[in-house]
Number of protein chains: 2
Amino acid sequence: MTIELSDKVARNVPTLASIAERVGVSVNTVSRALRAPHTVRIELRRQINAAMEELNYVPNRLAGGLSGTRSDIVGVVVTSLYYSEFANIIDTLQSALLEHDLQVMLANTRYNADQELRLVRSILSWRPAAVAIIGVDHPPKVVELLKAADIPIIEMWDTGGEVIDTAVGFDHARVGAAQANHLIGQGYRRLAFVGSVRENDKRAQKRLSGLEAAAATAGLPDIVKHTAQQGGSPELGERLATELLERHPEIDAIACNSDVVAFGVLRALRKLGRRVPQDIGVVGFGDNEAASCVSPSLTTVRPDRERIGKLTAEAIVARINDAKSYTAPVEWELIVRESTVR
Amino acid sequence: MTIELSDKVARNVPTLASIAERVGVSVNTVSRALRAPHTVRIELRRQINAAMEELNYVPNRLAGGLSGTRSDIVGVVVTSLYYSEFANIIDTLQSALLEHDLQVMLANTRYNADQELRLVRSILSWRPAAVAIIGVDHPPKVVELLKAADIPIIEMWDTGGEVIDTAVGFDHARVGAAQANHLIGQGYRRLAFVGSVRENDKRAQKRLSGLEAAAATAGLPDIVKHTAQQGGSPELGERLATELLERHPEIDAIACNSDVVAFGVLRALRKLGRRVPQDIGVVGFGDNEAASCVSPSLTTVRPDRERIGKLTAEAIVARINDAKSYTAPVEWELIVRESTVR
DNA sequence: TGGCATAAAGTTACCGTTAACGCAACGATC
DNA sequence: GATCGTTGCGTTAACGGTAACTTTATGCCA
C-alpha cells in the first residue's frame, strides 16, 4: 500500500522564510537567532522569537540534518518490548539522551533476523548520530551496515562475544552458572531449563550454556531442556512445567528463562501438588516487578537495567565526542527468595 | 553540552551520486531504480542494485523527506514505559505500521507536561506523517502545535474528553465505576483508592471519579484516597496500604490504580494478617502478566492494548489517506479473580 | 521512408536549513 | 585621520534526493 500526504497545496507549515519575511530580515538571520543567538541583536531576536511563537514555527530537521553535519537521532533497536524486558533500559536511555538533545528512534525486531536487517537499514537511513542495539550477535549484513555507517554503535545487554564498537552489558553465561551453582548449593541435583527461547535469542542460549557447564562441573546429570519458540508468558510456563514433570518426574529444580515463565511454572507446581521449595526449586531471570509478590516469592537474577540505559547514554555521548571504544561491564545480582531456599 | 560529529572529512557514506558514478549513469536513474524500478532497464537495474549492495548504500531519508512530499515517520508519545503499561500498545502499533513502511519515533514524557511540549515539538520537527499520543488531555500549547502540524493526530488510551482529531481508547470513568460496582456487589462497603497518581495522569483521575460516583450512587460513605506522586511499584503499594489501614482500619476494599501497586497491597495485607478476600477485597487495573499468578490471584481490569495498537495503526493509515476523523471505542474487561470473591 | 508513440535515460529546479563568505557601519587605536 | 578589528546582517552555495520536464533511441505502422 502506498501512502502519500493528501494534498500538498493545503499544507502550509511555516518555514524560516515565513518568519524572515514577517520580520523583514534574511532567512539566515532567523536561522542564526536559533543556532547562535548572540550574533543577533537582542531587539531583533525578540521580534523573531515572537514571530516564531505566533506562527507556531517548528524547525524542519530534515532540512537541518541534511544541511548541517550533525544529527540528533539515536537509533535504538530492541528485540522485544513485552514484559518490561527492555522497557526500563529504553526509559533511562531516553531520558539520559534527552539532556544532550538526542532523540530516540525506536525499532523492535521481535527476535526476527530479517526484521533486524530491515529495521537497521531503516534507522540508518535517518543518518542517526549513533545506534544502540540489543545484543552482540547480529546477522553479518547487519554488522556490515552498522560498521559502514561510520557512527558509534553501542551494543547493549550482552558482552559475551565479538563487539562491533562499544558494549554495555554482562556475560549471560555467568548468569546461567550462578543460577546453577545456587541451586546446587541448596542441594538440588536434577536440574531442568524451561522457557521461551527464540531462535535468535542468543542471550538465552548463553545462559543455558552457563547452566549446563556448571552442572557438568558439579558432576550432575545433563540438564533437561524443555523450551518453546513462542513468546514467554505464565501460560507457557505452566504448560512447559506440566509437560516436563510428566516426562521427567525426577526433576527437583527448574531454571526459567524469564520470571514471567517462572510465574506459570509456580502455578503448575501448585496444581501438581509439588511443594516449592521443598520438593522443587525454581529460579527465574529478569527480576520482574512481581517476582517478590508471588508466593513463594521468586529467586531470580536482577540485571541492572537502569545502569545499562545510563551507561549506554554515556557511551553514546563519549563516542560521539571521539572517545575510544570500550566495553562496560554491568553488574547483576542473584536475588535469593523463597522459591529456592529450603 | 554540544555534540558534533567528529570530523566531516572522515565520513564517507555512499550517496546516489556514488552509485551513479560507479555504474556510469545519472543520479536520477539510480533514484528511479529505487522508486520506480520498471522505468529502468532490467540489466541496468541489476548493475545499480549490485553497486548499492557492494557499497552498502543506505538511502538518506533526510534528503528524501525534504525533497519528496511524503514522510514515513510516525511520532509516538507515551507517558510511561514502565511495567508494560504501554509497551504492548507500542509493540503492536509498531509492527502494524511496519507493514505500511512507517517508522516509529518514540518519546516518553514520564507524565511531565513540560517534557510533553518539548518532545512533541521535537517530534514535529521531523515532519512526521502522523502522531499518536497517549491521552486526550494535553497542555494548550501542545494541542495548538499538533493542530498546526496539519497531520493526522491519534489520541490513544482515553476517549473521555475533547479530541484533537481521532481517538482510540476507552472511558476511564466507566472503568472506575465498574470496579466500584463489582466491589459493592461482593458486599464490600468501605472503599479506598490507593496508588501512584501523577499530576498529569488524567486517566487515573478519571477512574477515581468513576469510582467515587458509583460509591455515591450506592449510598456508601466517601472513598478514602491515599495516593503518591512517585511511580507505581509493589513497594509503594505496600507502604500506602499499611498507612491507609493504620488510619482507616474500617476499610474493607481497596481499588488500586495499577496491578503493580496492588501486588504490594496484597503483601501488606498478608503481613498485617488481613485475609483477602474475606476481610478485605482488592481490585487492580491493567492486567499485569503476573496478576493471575499472585495469591490470592488479583481481580483487575484488562484494557485491550493489542487492539488499541492495531486500531491506532489503522486510524493512522486511514487518516493519511484522507478518511474522516473518528473515535474508536476499545473494549475492556473486568477480570474477576480470587482477591474480590468471598 | 516518414511520422509518431513509447521507452529509457538525462537536465534542471527545488525542498528548508546551515556554513562560509562578504560587506557595511562603527568604535578603538596609533 | 587612515587602519583595523568587531558587530550585525545579507548572499550564495551546498546537503542528497525527487519530480517535472526534456532529450534521445527504438519500434511500429501506414
Side-chain angles (χ1 to χ4, degrees), chain A residues 2-5 7-9 11-48 52 55 57-73 124-129 149, chain B residues 2-5 7-9 11-48 52 55 57-72 124-128 149:
Chain A
T2 316
I3 291 187
E4 320 190 14
L5 284 180
D7 43 342
K8 195 172 176 178
V9 189
R11 303 208 63 200
N12 189 24
V13 285
T15 67
L16 280 189
S18 327
I19 312 288
E21 192 182 7
R22 179 172 260 251
V23 179
V25 292
S26 79
V27 170
N28 194 311
T29 303
V30 182
S31 173
R32 259 191 295 251
L34 278 173
R35 305 288 145 223
H38 59 279
T39 64
V40 177
R41 246 187 318 138
I42 180 119
E43 144 71 9
L44 191 55
R45 218 155 73 204
R46 245 195 284 277
Q47 288 181 47
I48 291 175
M52 287 182 171
L55 295 179
Y57 172 73
V58 176
N60 183 336
R61 295 214 208 174
L62 297 178
L66 182 59
S67 172
T69 334
R70 74 185 68 81
S71 152
D72 43 16
I73 285 187
L124 288 179
S125 73
W126 291 103
R127 296 293 184 265
Chain B
T2 316
I3 291 187
E4 319 189 15
L5 283 180
D7 45 343
K8 196 172 175 177
V9 189
R11 302 209 62 204
N12 188 24
V13 284
T15 67
L16 278 189
S18 328
I19 312 289
E21 192 181 7
R22 179 172 261 251
V23 180
V25 292
S26 78
V27 171
N28 192 298
T29 303
V30 183
S31 171
R32 259 192 296 252
L34 279 172
R35 305 287 144 224
H38 60 279
T39 63
V40 177
R41 247 186 320 135
I42 181 122
E43 145 70 8
L44 192 54
R45 217 155 72 203
R46 246 194 284 275
Q47 288 181 47
I48 290 176
M52 287 182 171
L55 296 178
Y57 172 73
V58 176
N60 183 335
R61 295 214 209 175
L62 298 178
L66 182 60
S67 171
T69 334
R70 73 184 69 81
S71 152
D72 43 17
L124 288 179
S125 73
W126 291 103
R127 297 294 183 265

Length of the line joining [X]:[atom1] and [N]:[atom2], which is rounded to integer Å:
| X | N | atom1 | atom2 | result |
| --- | --- | --- | --- | --- |
| A/Arg35 | C/dG16 | CZ | P | 16 Å |
| B/Arg61 | D/dG17 | CZ | C1' | 13 Å |
| A/Gln47 | D/dC9 | CD | P | 10 Å |
| A/Asp72 | C/dT18 | CG | C1' | 14 Å |
| B/Leu62 | D/dT18 | CG | C1' | 14 Å |
| A/Leu124 | D/dG16 | CG | P | 16 Å |
| A/Glu43 | D/dT7 | CD | C1' | 16 Å |
| A/Asn60 | C/dT17 | CG | P | 5 Å |

Quick one: does A/Arg32's side chain have a donor or acceptor within less than 3.5 Å of a partner on A/Val40's backbone?
no
Quick check for you: among [options], whose closest atom lies nearest to any side-chain atom of [X]?
| X | options | answer |
| --- | --- | --- |
| B/Val25 | C/dT18, C/dG16, C/dG10 | C/dG10 |
| B/Arg41 | D/dT18, C/dA8, D/dG17 | C/dA8 |
| A/Val40 | C/dA9, D/dC9, C/dG16 | D/dC9 |
| A/Leu66 | D/dT18, C/dA9, D/dG16 | D/dG16 |

Just N and O in the side chain of [X]: are any of them under 4.0 Å from OP1 or OP2 of [N]?
| X | N | result |
| --- | --- | --- |
| A/Tyr57 | C/dG16 | no |
| A/Ser31 | C/dT18 | yes |
| A/Ser26 | D/dG10 | yes |
| A/Thr29 | D/dC9 | no |

Could you check if a side-chain atom of [X] sits within less than 4.5 angstrom of a side-chain atom of [Y], using non-hydrogen atoms only?
| X | Y | result |
| --- | --- | --- |
| A/Leu44 | A/Val23 | yes |
| A/Trp126 | A/Leu62 | yes |
| B/Tyr57 | B/Leu34 | yes |
| A/Thr15 | A/Ser18 | yes |

Donor/acceptor link under 3.5 angstrom from [X] side chain onto base of [N]:
| X | N | value |
| --- | --- | --- |
| B/Asn28 | D/dT18 | no |
| A/Arg127 | D/dG16 | no |
| B/Arg32 | C/dG10 | yes |
| B/Ser67 | D/dG17 | yes |

